[in-house]
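Presented below is the structure to which this report refers.
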Amino acid sequence: MDDIRLLQQPPSIDEANAKTLKLLNSRVPNWNALLHLEDFEDWVRVAGEESNRLNHELQVSETTLIKEKAAVIDATKATVSAAQDAALARHILSDDLTALSEELVSSREHGIGEPTLLEGLEDLHRKLKELQHVQQYVRVIERALTLSATAVDEFKALQSQKQVTKASLSTYVELLEFTRKVVEICNGGISTPGDEPGSLGLVNFLSSVRDQTWSSLKTLLSEELMACGEKMKWPNAVDWLSTPVEDRQSFVSAFLKLLSLQEIGEGFILKPSDDSDAKKHGIYPLQALIQPISARFKYHFESQRETNRIDKLKKSMPELLPNSALLAHTIYQAVVFDTQVKEDGFALSGTLQAGDSKPEEWEGISDVILGKKEWFDAWLEGERQFAEAQYDEVVHSLDAWQLVDDGALTEDDVSSTSQLRPTNSARRVKTLFEQIADRYKPLPKFNHRAQFLIEIQVPILEHYHTRISGSLDAFETLTSSLMRAVPGALAGQVGHQYDTKRLTSGVDGLQRLIKAFVSARWITIAMQNWGEQLFYLELWKEINDRASLREKAKGHVSLPTPIPDSVAEGTLFDELISQYDTLTARSEDLAVSHVVSEIESALRPHIASPWSTISEENSVLPSTLLIPVTALQQQLAFIATVLPAASVTILYRRICSSISSFLVERMILQHSRSTLAATDSAVLTAEYSLWIECSKQAVGKLVRKVDVPWQRLREAAAVLNMDSGNYLELVRAAWDGNEAAFEQTCEKFGISSFTQSEMRQALRLRSDCPR
């Protein structure tokens, strides 16, 4: 490029004159030489011809250069256009490739969008396989049910025979063999002892069909034996010798049939060396004969009907209902007893009450009380009144809203609440909530647990939320424009003995907002921890699964909406956590607004005063700045003493960022203090340094990079304190440069928080601004 530019330059006249003069001096050094030069005319003529030839070649070269230059420009433009088209095509291909890649990548990884075609095919293929498996399952189930019904019908047809043989159970044997094969296939070719079911639902179902079929066969013979016993007046005393021979023979035959059935059944199900099942289930004939006795016992001793049994226990529970404390103690002792008995290993399995069917969980003696709705409701109401009394005592105590000392926090409190210091009321409400939970956790039924949660625990959290929200409402009312315009306007509500300005100004006002913040935050963290506990996770799952519990939960606005037949997501306290999060954010916003408003009010005299002059002899900052700086330091210092580092950092940056923007807007952009002489431009840097020093003293131990929220003020001070050359360069970029050039210049000087129009206003603050 340098050679091309050199060739394009015109010839130097001075250089040509110099060369000509040098040539003449060499050929004609003096006048005498010229007079004696014989070929002077020829030399002049040749020089003229050479000059004409060179001028002609110059004209030809210039013409050729113009043509070649035009050709090169056209070729260059064509090349640039082709390069631009190629770049555009490359970007289009890149976008198409990205779109195709996104279509191939599963959008389900991000939880949004529609599935890809490949994913759709995979889903259809998977569903087809599932349907095929379902078809196979249905065929197996159909076969098992058919064999079960046929076995029962076959046994009924042969029931009139005097003996029970394996031949009369041929269809049942076929059902056993079919079940054994399915179990063996499902267990990977391994037949478990006794063909006990594995973990598959199909195996469990076939095993239940097998067992139910056997129970039906047993029931047929048991009914026959009981019919024979009724003829002999069983369960009354039986005179065997006076009973007709035909009745005795029928009874003995039915008795032996049941024994034979049990003996055959043991051969089917149990291993030869294992007779534990027979001991556990008892003897079939005796099980049948004891049923009338069991029915009479329940009638006389467990039902509410009138009876002639004088040894029936009296029901004393209704006498306890008016005494809530004694009622609660009785229920608590009953629950403790049931829990201890279950922990010792007691269960209904192995008892006659369980029979052949799978025994249900023993409900315990507490179910005698809790199973009766009016008794449980009376206990629940007593617990609710007690909890409300405890709550009222907590929130109305003299120290309810005082911050807890660090030494009063337990290890669990510190580990579960991110080192947050709560108020006494928040800590006690959390303790009260957990105490209520401890009282009903041992209850065996989820329905009872859910009622305690919905009717006692959740209202306590709602009341406390309302209490904190009300305190914030009162603070906003006292700091409203009406109170500022008409002092004492709400004196009747607040009371003449209180100074409303003192309650809502300075550190005192901030303290009330911080107490609301930590109280709400403490309960929020507690609910997050409760929601992850196994007890509440199980309770939330049961609420989603059971229709009756879902209806109760739906009627309560502070509980999430339960979704049936789905995996329960979230926790039981998500809705309350959301409400408390909103309350926490509101108290945080009010705290920020309170501090910012206080500092802005204190800054009004300062931003209306003229700029100070700073020189070697005079470097004192204006006194109007000391009051707002001191106020900010006091408020930040209080925040740093009561909140953890994370909360302090958030509040500090929000507060100081607002103050910094306020100072820049008023002093720099609106020129509230008039223009600033270039010689005094360092005054703003000094003021900025004072704000930073104040911040470091207040929160420097907890907050890293205290200068971050003061960015706009720092950059404004740097702009106004520039030397003349840099200042004029920034002026030219702000007025004459486009957006890209302006941003490049700002980047050079480390400025990023000002727009081009804002920069013009800031630059005009200096009295030497040329624009």
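Keep in mind that what you see is a predicted model, and the values were worked out from it rather than measured.
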*Give the intermediate values and the outcome of ring pair (Phe, Tyr, Trp, His ring centres under 6.0 Å) for residues Phe573 and Tyr580.*
CA-CA 10 Å; Phe573 301 97; Tyr580 270 85; over 10 Å; no

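- In this structure, Val595 and Leu632 have side chains that are in contact, with non-hydrogen atoms separated by less than 4.5 Å.
- A donor-acceptor pair shorter than 3.5 Å can be found between the side chains of Tyr652 and Ser695.
- Using cut-offs of 30° and 60° for the angle between ring planes, the Trp530 and Phe433 rings count as parallel.
- For the residue pair Arg521 and Ser647, no side-chain donor N or O sits within less than 3.5 Å of a side-chain acceptor on the partner.
- Between the Thr479 side chain and the Glu476 main chain, a donor and an acceptor come within less than 3.5 Å of each other.
- For the residue pair Arg449 and Tyr440, the shortest heavy atom distance occurs at O-CE1, 3.5 Å.
- Between the side chains of Glu532 and Gln528, not a single donor N or O lies within less than 3.5 Å of an accepting N or O.
- Using a 4.5 Å cut-off on side-chain heavy atoms (C-beta onward), Asp736 and Arg771 make contact.
- Arg764 and Gln761 form a side-chain donor-acceptor contact under 3.5 Å, judged by distance and modelled atom types alone.
- Note that Arg439 lies outside the cation-pi zone of Phe452, set by a 6.0 Å cut-off to the ring centre and a 45° limit from the axis.
- Between Ser753 and Arg712, the shortest heavy-atom distance links the atoms O-NH1, 2.6 Å.
- Nearest heavy-atom pair, Ser425 versus Tyr464, reported as atom, atom and distance to 0.1 Å: OG-OH, 2.7 Å.
- Ring centroids of Phe742 and Phe754 are separated by 6.0 Å or more, keeping the two rings apart.
- In this structure, Arg384 contributes its side chain and Ile456 its backbone to no donor-acceptor pair below 3.5 Å.
- Counting only N and O atoms by type, the side chains of Thr675 and Ser767 include no donor and acceptor under 3.5 Å apart.
- Atom-to-atom distance recorded for Arg421:CZ and Lys515:NZ is 10.5 Å, nearest 0.5 angstrom.
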